[in-house]
Amino acid sequence: ELAPHFPQLEIEELLGQGGMGAVYKARQKNLDRLVALKIIKLESSADPAFAERFHREAKTLAKLNHPHIVAVHDFGEAGEMYYFIMEYVDGTDLRQLLEGQRLQPEQAFAVIPQICEALQFAHDKGIVHRDIKPENILLDKKGQVKIADFGLAKLASNTPDDFTLTGTHQVM
């Protein structure tokens with residue numbers, strides 16, 4: 001049922017679901033590359049100010065061009081759905097790695113600096129992740145870290161534009 005809304009993609013499989021929506025593995029036809037399609041739950045977009053916050057934060061997140069942060073390729077609305085098209089990371093998340101086996105010290109020593117580097121890069125751009133947890137730390141098959149799900153990110157710049165929309169306990 002998603003296919004008619006995304007003719008530029010071949011949706012291959014559901015990768016996971018969470019509180020904010022679902023993520024699918026898809027092939028971007030014109031570039032012949034795998035991408036992740038994140039669909040935001042319709043209930044999340046019921047707030048009248050959601051669209052403005054979504055667009056502003058998506059544009060900000062798309063500027064986070066770093067080797068250890070999942071890249072945002074596109075975003076928008078398809079029908080009543082809000083979506084992100086993001087870099088696909090072929091691998092696992094840190095939670096699955098920890099549950100499946102014991103993380104060896106040399107693996108931890110390789111992962112931790114990558115996480116810190118990515119978070120520092122985001123902080124330097126005025127963005128705080130706010131939901132860093134093992135499920136949001138992806139590792140590709142080469143062991144490279146990619147931090148995902150900046151959806152709860154807080155824009156920390158405190159410019160006047162940041163205060164045009166308020167939302168206590170607001171989640172994007």
Side-chain angles (χ1 to χ4, degrees), residues 1-66 68-96 118-119 122 125-140 145-157 159 161-172:
E1 63 189 65
L2 287 177
H5 296 287
F6 300 96
Q8 75 278 30
L9 302 176
E10 290 175 10
I11 299 170
E12 295 185 2
E13 66 180 293
L14 176 66
L15 294 174
Q17 282 182 238
M20 289 302 296
V23 179
Y24 297 86
K25 178 181 174 182
R27 177 167 303 283
Q28 194 173 21
K29 295 176 190 177
N30 60 347
L31 294 175
D32 191 29
R33 71 174 171 187
L34 292 176
V35 295
L37 171 65
K38 182 173 185 175
I39 305 291
I40 308 297
K41 280 189 177 178
L42 291 178
E43 304 87 66
S44 302
S45 60
D47 176 3
F50 175 84
E52 186 176 342
R53 274 193 310 276
F54 173 81
H55 286 108
R56 184 171 27 148
E57 292 191 30
K59 287 177 184 178
T60 300
L61 297 176
K63 294 176 185 174
L64 288 179
N65 185 11
H66 189 274
H68 300 301
I69 296 175
V70 172
V72 175
H73 298 311
D74 197 9
F75 70 94
E77 299 171 51
E80 296 180 0
M81 295 177 286
Y82 288 83
Y83 68 89
F84 289 102
I85 297 176
M86 304 175 297
E87 172 184 7
Y88 173 73
V89 179
D90 190 12
T92 187
D93 65 47
L94 189 55
R95 171 74 64 211
Q96 290 175 344
L119 291 175
K125 298 288 186 184
I127 299 170
V128 180
H129 190 289
R130 294 200 317 186
D131 194 27
I132 200 70
K133 58 187 178 184
E135 294 82 357
N136 290 338
I137 299 170
L138 308 178
L139 288 102
D140 67 16
V145 166
K146 292 284 189 170
I147 296 181
D149 205 359
F150 273 80
L152 295 176
K154 179 182 188 321
L155 302 178
S157 60
T159 64
D161 288 341
D162 293 335
F163 299 107
T164 59
L165 294 171
T166 59
T168 304
H169 305 293
Q170 192 64 40
V171 176
M172 182 181 130

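When reading the values below, keep in mind they use all heavy atoms of this one structure, side chains included, and skip hydrogens, waters and symmetry mates.
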Within-4.5 Å side-chain heavy-atom neighbours: [X] and [Y]:
X      : Y      : value
Lys63  : Ile127 : no
Lys146 : Glu87  : yes
Leu9   : Ile85  : yes
Ile147 : Val145 : yes
Asp149 : Glu135 : no

Minimum heavy-atom distance between Asp93 and Pro134, given as atom pair plus value: CB-O, 3.8 Å
Identify the two heavy atoms, one from Ala148 and one from Leu138, that lie closest to each other, and give their separation to 0.1 Å.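 Closest pair (atom of Ala148, atom of Leu138, distance): CB-CD1, 3.9 Å.
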Tell me every residue that passes salt bridge (Lys or Arg N to Asp or Glu O under 4.0 Å) with [X], counting only those two or more places apart in sequence or in another chain.
X      : answer
Glu77  : none
Lys133 : Asp131
Glu10  : none

In terms of the angle between their ring planes, are Phe84 and Phe75 parallel, tilted or perpendicular, with boundaries placed at 30° and 60°? tilted
Residue list, side-chain hydrogen bond (donor to acceptor under 3.5 Å, both in side chains) with Gln96, at least two apart or on another chain: Thr92
Under the side-chain hydrogen bond (donor to acceptor under 3.5 Å, both in side chains) test, residues paired with Asn30 that sit two or more places apart: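 By the side-chain hydrogen bond (donor to acceptor under 3.5 Å, both in side chains) rule, Asn30 matches no residue at all.
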Among all residues two or more places apart in sequence or in another chain, which pass the ring pair (Phe, Tyr, Trp, His ring centres under 6.0 Å) test with Tyr88?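 Applying ring pair (Phe, Tyr, Trp, His ring centres under 6.0 Å) to Tyr88 gives none.
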Going by the rule ring pair (Phe, Tyr, Trp, His ring centres under 6.0 Å), which residues pair with His73 if we only count those two or more places apart in sequence or in a different chain? none
Please list all pairs meeting side chain to side chain donor-acceptor pair (under 3.5 Å) that have one or both residues in residues 11-24, counting only residues at least two apart or in different chains.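 Found none.
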Nearest 0.5 Å, please: how far is [atom2] in [Y] from [atom1] in [X]?
X     : Y      : atom1 : atom2 : result
His68 : Ile137 : NE2   : CD1   : 12.5 Å
Asp74 : Phe6   : CG    : CZ    : 9.5 Å
Leu94 : Leu139 : CG    : CG    : 6.0 Å
Leu37 : Ile11  : CG    : CD1   : 5.5 Å

Is it true that atom NZ of Lys59 has more than 12 heavy atoms of other residues, nucleotides or ligands lying nearer than 6.0 Å? no
Please name all residues satisfying side-chain contact (heavy atoms from CB on, under 4.5 Å) with His5, sequence neighbours left out, ordered by chain then number. Ala78, Met81
Partners meeting side-chain contact (heavy atoms from CB on, under 4.5 Å) with Asn65 (sequence neighbours left out):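 So Asn65 forms no side-chain contact (heavy atoms from CB on, under 4.5 Å) with any residue.
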